[in-house]
J.: 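Handing you this structure, nothing more for now.
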Amino acid sequence: MIDSIGNVTQLNEWLAEHNLSGHWLGMPRPAEMKPWLWKWSEVYAALIKATEVVPMSDTARRTIQLRNPSLGDRMSNTIHMSVQCVMPGEVATAHRHNAAAVRFVVKGSKDAFTVVEGEPIPMEEGDLITTPNWTWHDHYNDGSQPVVWLDGLDIRLVGIAKLFQEPFHHDRQPMDKPAGFAGKTMGHVRPAWIKPEHKTPPFRYAWADTLSTIEALRAAELESACDGIHLTYSHPLTGGPTLPTFACDLQLLRSRFSGKAHRHTCTTIFQAFRGQGVTIIDGQRFEWTQGDIFVVPPWSLHKHENASGEDAILFSMTDRPAMEALDIYREELEG
Ligand code: 1HN
């Protein structure tokens, strides 16, 4: 009986028995997210082994998911990365979900496509392709070589609310739009009378365009102090972040680049697309070579260095748009 309680120890016990707690006992903290690095040699070997031992009919998608040991079954608390392979002749069947996704192509082919909302989108090395929330998508490879890409999703963030997923009624969706449709109807010169079907349309950012922007900035000797030649993939209609929940960036760290340290309240997942270097995260050195993937937790002080004689390129995804929308984004430069 609560009326007979005469001290705080007894009250604490009574509260615990009733699924309550006093402010004086503090707030339990969730598991602390730590940085981690996954070696490409292991991820890739596992993916290729999966092509031998896991037939496509046994798995909706042949992906290897990355797990952060500090968080058990997840890579981060918001965004997620998997690495996917579609072998020659294979199809990853059509579905849609309310988690938004991007594909960053690591090994492409002119004969491999992801079909998004009826549009076949070529998957060539270095291309970034968006599959916004609730858009139909399937992948196929009509070429002669395996096609490999990174999948980035906001699945943990969406999981806080409710994940919805729906299979298409056939393995593949009809291709009722020509290749290049989104680029031509939602680019900077676009048909004046066609209203986009989606607030965030599917879009392809071709590697050739990304590379020419990098080269122009390099020729102009422009770079940022923390991140080198740092590009962001902008939303085709708003000019804002790639997707409402997360953004994708790409940065070139020239030979001998040593960035300034900073920290921010967003989570960032990086992949070393080219070259090698080191990222120091809260004093811990994460040495990366081509293909390695690493995650920087929120508010971890980090800096990138490229001591090698070659350029290095990092692809990344960040939940910064979600943090900004919630007004909890903060950034601090060291020193
Ligand atoms: C998914 O649907 C795909 O559509 C890839 O290719 C990776 C990881 C987790 C959940 C769904 C895809 C995924 C995924």
Side-chain angles (χ1 to χ4, degrees), residues 38 43-44 46-48 50-51 54-68 71-109 112-124 127-142 146-173 175 198 200-204 242-243 245-246 248 267 269 271 293 295 315-317 319:
W38 293 261
V43 176
Y44 189 67
L47 189 60
I48 295 306
T51 69
V54 186
M56 207 55 142
S57 53
D58 286 1
T59 181
R61 292 290 186 267
R62 193 190 293 104
T63 79
I64 299 295
Q65 305 179 347
L66 308 186
R67 298 282 164 90
N68 185 331
L71 298 178
D73 65 354
R74 54 190 56 202
M75 183 180 195
S76 93
N77 289 310
T78 51
I79 48 181
H80 165 89
M81 193 176 274
S82 301
V83 185
Q84 181 161 180
C85 178
V86 177
M87 294 295 279
E90 285 183 341
V91 172
T93 57
H95 68 186
R96 64 178 174 179
H97 34 69
N98 64 339
V102 296
R103 329 275 162 210
F104 183 70
V105 184
V106 174
K107 281 182 195 288
S109 159
F113 293 83
T114 184
V115 185
V116 191
E117 292 287 293
E119 176 182 343
I121 305 182
M123 304 190 89
E124 297 198 51
D127 289 353
L128 178 75
I129 298 156
T130 61
T131 308
N133 173 346
W134 212 238
T135 52
W136 293 112
H137 53 280
D138 50 275
H139 321 299
Y140 70 91
N141 180 358
D142 279 352
V147 170
V148 176
W149 64 83
L150 312 178
D151 292 303
L153 293 101
D154 55 9
I155 195 158
R156 298 305 187 180
L157 199 59
V158 177
I160 291 172
K162 174 77 188 153
L163 271 167
F164 295 103
Q165 175 148 341
E166 189 183 3
F168 194 67
H169 56 276
H170 287 298
D171 281 357
R172 293 171 69 171
Q173 61 182 302
M175 291 189 273
H198 303 274
T200 298
F203 210 72
R204 172 184 185 227
T242 327
L243 295 167
T245 45
F246 67 98
C248 296
T267 295
I269 302 172
Q271 196 229 14
I293 296 168
V295 63
F315 167 76
S316 61
M317 58 185 288
D319 63 8

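The first residue of the sequence shown is numbered 1, and numbering continues consecutively from there. Indexing begins at 1, ligand by ligand and atom by atom, following the structure's order.
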J.: Under the 3.5 angstrom rule, does the side chain of D58 hit a backbone N or O of P55 as a donor-acceptor pair?
T.: no

J.: State whether a side-chain donor-acceptor pair under 3.5 Å links H80 with Q65.
T.: no

J.: For F246, give me all partners under ring pair (Phe, Tyr, Trp, His ring centres under 6.0 Å), at least two apart in sequence or on another chain.
T.: none

J.: Check ligand 1 for close polar pairs with the protein: N or O on both sides, less than 3.5 Å.
T.:
| from | atom 1 | to | atom 2 | distance (Å) |
| --- | --- | --- | --- | --- |
| ligand 1 | 2 (O) | H95 | NE2 | 3.0 |
| ligand 1 | 2 (O) | H97 | NE2 | 2.9 |
| ligand 1 | 4 (O) | R61 | NE | 2.9 |
| ligand 1 | 4 (O) | R61 | NH2 | 3.3 |
| ligand 1 | 4 (O) | H95 | NE2 | 3.1 |
| ligand 1 | 4 (O) | H137 | NE2 | 2.9 |
| ligand 1 | 6 (O) | R61 | NE | 2.7 |
| ligand 1 | 6 (O) | Q84 | NE2 | 3.0 |
| ligand 1 | 6 (O) | R103 | NH1 | 3.2 |
| ligand 1 | 6 (O) | H139 | NE2 | 2.7 |

J.: Hydrogens and angles aside, do W136 and D138 bring a side-chain donor and acceptor to less than 3.5 Å of each other?
T.: no

J.: Between T130 and P132, is there a donor-acceptor pair closer than 3.5 Å when you use the side chain of the first and the backbone of the second?
T.: no

J.: Report the residue from R62, R103, R61 that forms a salt bridge (Lys or Arg N to Asp or Glu O under 4.0 Å) with D151.
T.: R103

